[in-house]
Amino acid sequence: MMKSEADDHGHFGEFGGRYVPETLIAALEELDKCYRSVKKSSEFWNELDDLLGSYAGRPTPLYFAENLSDLVGGPKIYLKREDLAHTGAHKINNVLGQSLLAKFMKKERIIAETGAGQHGVAIATACALFGIPCEVYMGAEDVARQALNVFRMELLGAKVHSVTSGSKTLKDAINEAMRDWVTNVRTTYYCIGSVMGPAPYPTMVRDFQRVIGLECMDQILRLEGRLPDCLLACVGGGSNAIGLFHPFIEHENVRMIGVEPGGEGIESGLHGATLAAGAPGIFHGQKTFVLSDSYGQISPAHSVSAGLDYPGVGPEHAFLKENGRAQYEMASNDEALEAFLVLSKTEGIIPALESAHAIAYLLKEGEAFDRDDIVVVNLSGRGDKDVAQVREILDNSSGRSNI
Amino acid sequence: MSRIDSVFQNLKDRNEVALVAFLTAGDPDLESTLKLATEICSRGADILEIGIPFSDPLAEGVTIQKASERSLANGTTLEDILELTRKLGECVETPIVLMGYANPFFSFGEERFARFAGDVGVSGVIVPDLPPEEGKNFYNRCEASDIDPILLVSPTTSPERLKYLSAKTRGFLYYVSLTGVTGERAVLPSGLKNLVARVRSQSLYPVCVGFGISTAKQASEVSAFADGVIVGSAFVDRVARSGNVEEAVRSVGSFASELKKSLVQRTI
């Protein structure tokens with residue numbers, strides 16, 4: 001039976017591992033030890049389950065999108081409604097797990113990176129709940145683009161640091177968070193927002209996101225009496241995708257497709273399709289696929305959706321690509337925008353631009369499925385955060401009459 | 001015995017402590033780096049550490065980050081730096097250690113790097129984000145080309161791991177004086193002397209202390225209990241603050257000489 005588990009040193013095949021400065025090795029070992037211990041503790045999981053239910057609004061529905069299915073003219077499409085979770089995305093699953101762990105480890109402060117601000121808002125939320133001081137690193141460019149999310153984090157009591165080094169985006173925010181962690185390693189918990197970074201983060205974050213796939217499996221069996229034929233999810237760092245995929249990996253008849261941001265197209269260089277167009281490299285503490293120039297300097301990623309704008313990808317995805325268990329495709333900025341509009345109109349659901357990439361794949365390729373195929377799309381987040389940006393894009397292109 | 005081993009042997013014979021000086025390659029440009037490095041070596045550096053710029057240098061403070069950005073903006077590549085090392089080797093005897101992050105080495109090709117670097121006379125490598133567990137292949141290939149893989153130890157390193165690292169390092173052991181990134185600090189971390197003593201008692205190799213040492217006074221203090229003193233950001237900063245290359249050469253030269261003079265002679 002097919003499995004996807006890291007070895008004792010956090011390697012998924014040749015990927016993953018722990019490529020960090022010596023100062024962080026002890027912290028990662030401590031984290032690994034504590035996580036392995038709480039992983040076996042029913043008390044920990046009970047407390048987390050309670051929070052996921054009473055606070056985060058789980059289980060999220062699995063919704064049959066009949067209108068969208070009719071429009072696509074292909075398979076029966078179900079949407080896993082992570083957009084209905086508290087704070088509007090799947091990010092809450094991870095931050096509740098990690099901040100509970102931080103509390104267990106008696107850490108005095110939590111730091112995090114954020115791109116568009118979704119993970120930042122989620123961790124600020126969890127820290128408000130647990131009463132832990134929270135500091136979030138965010139690229140100066142993102143601070144300017146996502147002023148409302150900065151204010152949300154501040155409302156929740158977090159301190160937001162605007163990062164002006166490097167390309168002033170998510171990757172630089174991660175560098176700066178790592179620098180903070182190296183400095184304050186004894187007292188501080190670093191809450192990474194996706195299935196990336198040095199071991200044990202990719203495994204741990206995945207375990208906290210697996211709830212998506214586990215619920216989905218129960219729900220589809222109740223609704224359809226069988227497993228789906230295909231799972232679809234967008235991939236930036238890859239946490240919503242791995243959360244949905246992972247419980248299904250051993251069921252080899254279930255296809256899994258991750259959709260990366262094709263941006264303005266691979267040729268343009270403006271994209272974030274790390275698995276499709278990148279190569280193995282070492283970045284942010286892990287070996288994985290990265291976007292870099294021919295000298296190994298990391299290239300900035302680009303996508304209309306800030307949450308997919310990352311020049312690396314979780315190492316488990318690199319592993320699933322290499323062994324062929326999962327397939328990785330792309331949707332462009334324009335295709336994602338179209339999907340954003342289509343889902344809003346046909347289902348009354350405004351998706352996050354990230355999640356719209358997964359919908360876009362179905363709009364492109366949906367007809368290739370059989371009519372009785374079942375496809376589950378992870379609707380990882382809601383699009384309220386994106387409406388201002390989409391309005392601006394439409395105003396600047398051929399006008400809003402296009403809607 | 002490697003070239004770095006010989007340096008420490010000679011210093012020991014003279015009861016001296018090593019000055020390890022750092023410059024970012026290609027800041028402001030490679031030609032200047034050659035002049036600056038030659039000057040630093042002739043004015044007292046015992047080992048020269050050359051930084052390879054990286055887009056995401058997560059162990060660096062602002063000074064070296066900015067130097068990396070300037071260097072990358074000039075298009076500096078690892079290949080250029082190997083060529084710089086070759087030229088430098090024609091001017092100075094000082095062993096040259098390349099310090100850089102894993103991805104540019106990986107991208108160049110681990111085997112290819114070890115071969116080229118061996119040919120141009122690189123004496124050691126320091127790769128802060130490549131612990132020996134992940135870097136087995138790379139470090140073995142370097143050793144096979146007579147390049148010492150220099151490992152780091154930090155204040156958070158456990159006693160068991162210290163044993164492991166001191167068995168794996170070659171040339172010297174790099175003790176990171178503080179939990180934090182590189183860059184100048186007003187004062188040395190408290191308890192440094194005892195921490196370094198603990199490391200030295202375990203290590204088969206000389207222990208050099210770096211991170212945060214930026215003045216002759218601090219270097220002097222550290223030299224009382226370490227085998228070597230590593231100064232980086234303070235050199236890089238002098239380059240950045242100079243109006244032109246000639247001024248920068250004078251500035252780093254007199255600083256190297258001031259540092260070297262400050263290092264205490266050991267009493268036998």
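- Interface remark: A:Tyr19 contributes backbone and side-chain atoms alike to the contact with chain B (heavy atom separation under 4.5 Å).
- A:Asn184 and A:Thr187 form no side-chain donor-acceptor contact under 3.5 Å, judged by distance and modelled atom types alone.
- Heavy-atom pairs under 4.5 Å with chain A peak, among B:Gly135, B:Ser107, B:Pro53, at B:Ser107.
- A distance of 5.0 Å separates CZ in A:Phe289 from CZ in A:Phe15, rounded to the nearest 0.5 Å.
- Looking at B:Asp56 and A:Asn175, their side chains do bring a donor and an acceptor atom within 3.5 Å of each other.
- The greatest number of non-hydrogen atom pairs below 4.5 Å with chain A, out of B:Leu178, B:Val62, B:Leu152, B:Val176, is found for B:Leu152.
- No hydrogens or angles considered: a donor-acceptor pair under 3.5 Å links the side chains of A:Ser4 and A:Glu316.
- Looking at B:Thr157, both its backbone and its side chain come within 4.5 Å of chain A, counting heavy atoms on both sides.
- In terms of non-hydrogen atom pairs under 4.5 Å with chain A, the most contact-rich of B:Ser68, B:Pro57, B:Ala59, B:Ala102 is B:Pro57.
- For A:Ile25, the part lying near chain B is the side chain, with the backbone staying farther off; criterion is any non-hydrogen pair under 4.5 Å.
- Looking at A:Arg186, only its side chain comes within 4.5 Å of chain B, counting heavy atoms on both sides.
- Neither the backbone nor the side chain of A:Ser167 has a heavy atom closer than 4.5 Å to any heavy atom of chain B.
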Query raised in the report: Which is it for B:Glu60 and B:Tyr101 under the side-chain hydrogen bond (donor to acceptor under 3.5 Å, both in side chains) test, yes or no, and what are the steps along the way?
Result: CA-CA 11 Å; B:Glu60 309 304 339; B:Tyr101 290 80; 2.7 Å; yes

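- Of the atoms belonging to B:Gln65, it is side-chain heavy atoms, and not backbone ones, that fall under 4.5 Å from chain A.
- Here A:Glu260 contributes atom CD and A:Thr274 contributes atom OG1; the two are 5.5 Å apart, rounded to the nearest 0.5 Å.
- Looking only at distances, no side-chain donor or acceptor of B:Ser123 sits under 3.5 Å from a matching main-chain atom of B:Ile4.
- Classification of the B:Phe105-B:Phe138 ring pair by plane angle, with boundaries at 30° and 60°, yields tilted.
- Of all the listed residues (A:Val185, A:Val290, A:Ile282), the one sharing the greatest number of non-hydrogen pairs under 4.5 Å with chain B is A:Ile282.
- Of the residues considered (A:Pro21, A:Gly17, A:Ser299, A:Gly166), A:Pro21 shows the highest number of contacts with chain B, using heavy-atom pairs under 4.5 Å.
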